[in-house]
J.: 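Would you mind keeping the following structure in view while I ask a few things?
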Amino acid sequence: QEKYAIVIHGGAGGRSKTTMSIEQQNNYKAKLEEALAAGEKLLKNGASSAEAVVEAIKIMEDSPLFNAGKGAVFTSDGKNELDASIMNGENLNAGAVAGVRTIKNPITAAREVMENSEHVMLSGKGASEFARQQGLETVKNKYFFTRKRYESLKALQKKQRKRTSADNTG
Amino acid sequence: TVGCVALDIHGNLCAGTSTGGMNNKKYGRIGDSPIIGAGTYANNKTCAVSCTGHGEYYIRLGFARDISALMEYKKLGVKEACAAEIQKLTQLGGTGGVIALDANGNMAMEFNTSAMFRGYIKSTGEKEIAIFAEE
């Protein structure tokens with residue numbers, strides 16, 4: 001069989017053409033194109049679907065455009081906390097990491113859990129420790145900081161604290 | 001959230017999902033992305049699935065695994081199965097999307113929001129990159 005295919009997504013939401021400039025749309029499309037091309041190149045050369053999935057996702061994780069890796073949103077305490085998972089259809093093997101703050105590319109950690117551990121999901125500090133032991137790149141949490149996402153957090157928190165008539169009770 | 005599903009020339013499927021979670025989340029909240037069967041699933045007998053959206057709903061539906069079950073037990077095609085599952089999501093009050101791919105290279109990109117960043121390439125040369133629902 002020489003047939004291959006790759007499909008990607010970069011998140012779903014309530015955006016419309018009126019809220020996104022043509023330049024923004026083109027930026028997103030260019031990054032999607034880059035991720036697809038990287039995955040396709042691997043598949044065309046006989047690489048496994050897992051390799052293609054990890055490579056395509058890494059490109060999107062490294063981009064501040066998407067809510068993953070470098071473009072992650074913030075928790076209420078102003079940190080970036082990431083999750084990732086991967087599953088192999090051939091043998092139903094699977095791996096995941098949850099609530100990690102220092103693994104540069106969480107999808108690579110998920111793959112390590114899948115291929116080099118007896119577990120399916122690792123979380124928090126333990127997952128980061130495992131990733132370090134597997135030789136994956138770790139970064140300080142501030143690596144994931146982006147101004148746009150931080151402002152989004154602050155705007156949401158301000159909205160939540162906005163005084164209403166209910167605050168007058170008692 | 002970002003995700004990818006792929007079929008290699010050896011006939012094997014794989015699905016992956018990665019996310020920064022929910023803005024302003026507390027209490028160590030975790031969504032569907034790292035939960036196998038909710039946000040991510042793959043089985044060569046049926047399909048590979050990656051989801052994006054309001055995670056709590058995807059977890060409650062066992063979303064990704066349910067798509068596989070619809071294909072395995074109800075014999076739905078991948079696009080029909082994804083559309084049916086998005087319908088369940090909508091009825092429950094959830095929003096989001098899904099990408100999926102079967103072992104024959106048939107794929108689906110379904111969502112109930114106004115946009116989903118998405119794209120695909122097949123060995124046939126067929127290719128698409130799109131953002132909005134009307135594209």
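By convention in this document, chain letters (A, B, ...) are assigned in the order of the sequence lines, proteins followed by strands, and residues within each chain are numbered from 1.
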J.: Which residues, numbered in order, of residues 116-127 of chain A come under 4.5 angstrom of chain B by heavy-atom distance?
T.: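 Residues in range: Val120(A), Met121(A).
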J.: Taking the side chain from Ser123(B) and the backbone from Lys3(A), do they hold a donor-acceptor pair closer than 3.5 Å?
T.: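 No: the side chain of Ser123(B) does not pair with the backbone of Lys3(A).
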J.: At under 4.5 Å between heavy atoms, what parts of residues 133-150 of chain A are in contact with chain B? List them by residue number.
T.: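 Checking residues 133-150 of chain A against chain B gives no residue, so none.
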J.: Counting heavy-atom pairs under 4.5 Å to chain A, which of Phe111(B), Tyr120(B), Phe132(B) comes out on top?
T.: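 Between Phe111(B), Tyr120(B), Phe132(B), the count favours Phe132(B).
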J.: Supply the atom-to-atom distance Met116(B) CE to Arg15(A) CZ, rounded to the nearest 0.5 angstrom.
T.: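 CZ of Arg15(A) is found 14.5 Å from CE of Met116(B).
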J.: Atom NZ in Lys45(B), atom CG in Leu92(A): separation rounded to 0.5 Å?
T.: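 Reported to 0.5 Å precision, the distance equals 8.0 Å.
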J.: If you tally heavy-atom pairs under 4.5 Å against chain A, which of Ile129(B), Asn23(B), Asn43(B), Thr40(B) wins?
T.: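 Result: the option with the highest number of such pairs is Asn23(B).
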J.: Report the option among Gly21(B), Ala15(B), Ser33(B) that has the most heavy-atom pairs separated by less than 4.5 Å from atoms of chain A.
T.: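 If we count pairs closer than 4.5 Å to chain A, Ala15(B) comes out on top.
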J.: Heavy-atom pairs under 4.5 Å with chain A: which of Asn24(B), Ile36(B), Thr52(B) has the most?
T.: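 So the answer, after comparing Asn24(B), Ile36(B), Thr52(B), is Asn24(B).
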J.: Is a donor on one side and an acceptor on the other found under 3.5 Å between the side chain of Thr1(B) and the backbone of Gly11(A)?
T.: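 It does not hold such a pair.
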J.: To the nearest 0.5 Å, how far apart are SG in Cys14(B) and CZ in Arg111(A)?
T.: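 With rounding to 0.5 Å, SG (Cys14(B)) is 8.0 Å from CZ (Arg111(A)).
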J.: Counting only non-hydrogen atoms closer than 4.5 Å, does Thr75(A) touch chain B with its backbone (N, CA, C, O), its side chain (CB onward), both, or neither?
T.: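 Contact with chain B: backbone and side chain both.
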J.: Where does Leu101(B) contact chain A at under 4.5 Å (heavy atoms): side chain, backbone, both or neither?
T.: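 Just the side chain, heavy atoms under 4.5 Å.
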J.: Determine which residues belonging to residues 39-73 of chain A lie within contact range of chain B, meaning some heavy atom pair is under 4.5 Å apart, and list them by number or answer 'none'.
T.: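 Residues in range: Glu40(A), Leu43(A), Gly46(A), Ala47(A), Ser48(A), Ser49(A), Ala50(A), Ala52(A), Val53(A), Ala56(A), Ile57(A), Met60(A), Glu61(A), Phe66(A), Asn67(A), Ala68(A), Ala72(A), Val73(A).
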J.: Report which part of Asn80(A) has an atom under 4.5 Å of a heavy atom belonging to chain B: side chain, backbone, both, or neither.
T.: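 Nothing of Asn80(A), per the 4.5 Å heavy-atom cut-off to chain B.
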J.: Taking all atoms of both residues into account, what is the closest heavy-atom pair of Lys29(A) and Glu135(B), and its distance?
T.: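 Looks like NZ-OE1, 3.2 Å.
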J.: If you count heavy-atom pairs under 4.5 Å between each of Ala100(B), Gly97(B), Gly119(B) and chain A, which one has the most?
T.: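 That would be Gly119(B).
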J.: Under 4.5 Å heavy-atom distance to chain A, tell me which part of Glu134(B) shows up: side chain, backbone, both or neither.
T.: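 For Glu134(B), side-chain heavy atoms alone lie under 4.5 Å from chain A.
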J.: Can you measure from CD1 (Ile131(B)) to NZ (Lys17(A)) and round to the nearest 0.5 angstrom?
T.: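 Going from the CD1 atom of Ile131(B) to the NZ atom of Lys17(A) covers 9.0 Å.
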J.: Please look at Cys51(B) and chain A and tell me whether the side chain, the backbone, both or neither of the residue comes under 4.5 angstrom of a heavy atom of that chain.
T.: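 It is the backbone, since no side chain atom gets that close.
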J.: For the atom pair CG (Asn91(A)) and CG (Asn44(B)), what is the distance rounded to the nearest 0.5 Å?
T.: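 Asn91(A) CG to Asn44(B) CG: 8.5 Å, rounded to 0.5 Å.
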J.: Between chain A and each of Gly31(B), Ala108(B), Pro34(B), Ala6(B), count heavy-atom pairs under 4.5 Å; write down the option with the most.
T.: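 Ranked by heavy-atom pairs under 4.5 Å with chain A, first place is Pro34(B).
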J.: Provide the full list of ring pair (Phe, Tyr, Trp, His ring centres under 6.0 Å) pairs with a residue in residues 30-57 of chain B, sequence neighbours left out, each pair given once.
T.: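 Passing the test, one end in residues 30-57 of chain B: His54(B)-Tyr57(B).
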J.: Side-chain heavy atoms nearer than 4.5 Å, only ILVMFWY residues, links allowed to pass through others: does that put Leu7(B) and Ile99(B) together?
T.: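 Yes, Leu7(B) and Ile99(B) fall within the same hydrophobic cluster.
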J.: So, Thr113(B) side chain and Gly14(A) main chain: donor-acceptor pair closer than 3.5 Å or not?
T.: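 Checking the backbone N and O of Gly14(A) against the side chain of Thr113(B), no donor-acceptor pair under 3.5 Å is found.
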J.: When you group the ILVMFWY residues by side-chain heavy-atom contacts below 4.5 Å and let the links chain together, are Ile8(A) and Ile107(A) in the same group?
T.: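 In one cluster with Ile107(A): Ile8(A), yes.
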J.: Below 4.5 Å, heavy-atom pairs only: which of Leu82(A), Val100(A), Ile86(A) has the largest tally toward chain B?
T.: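 Going by pairs under 4.5 Å, I would pick Ile86(A).
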J.: Do you know the tightest heavy-atom contact between Ser18(B) and Pro106(A)?
T.: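 For Ser18(B) versus Pro106(A), the nearest heavy atoms are OG-CB, 4.3 Å.
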J.: Taking Glu33(A) first and then Lys127(B), would you say they form a salt bridge - that is, a charged N and a carboxylate O separated by under 4.0 Å?
T.: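 Looking at Lys127(B) together with Glu33(A), the answer is yes, because their closest N to O distance falls below 4.0 Å.
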J.: Which atoms form the tightest heavy-atom contact between Asp83(A) and Lys25(B), and what is the distance?
T.: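 Nearest heavy atoms, Asp83(A) then Lys25(B): OD2-NZ, 4.4 Å.
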J.: Can you tell me how far apart CG (Leu36(A)) and SG (Cys4(B)) are? Round to the nearest 0.5 Å.
T.: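 So the gap between those two atoms works out to 7.5 Å.
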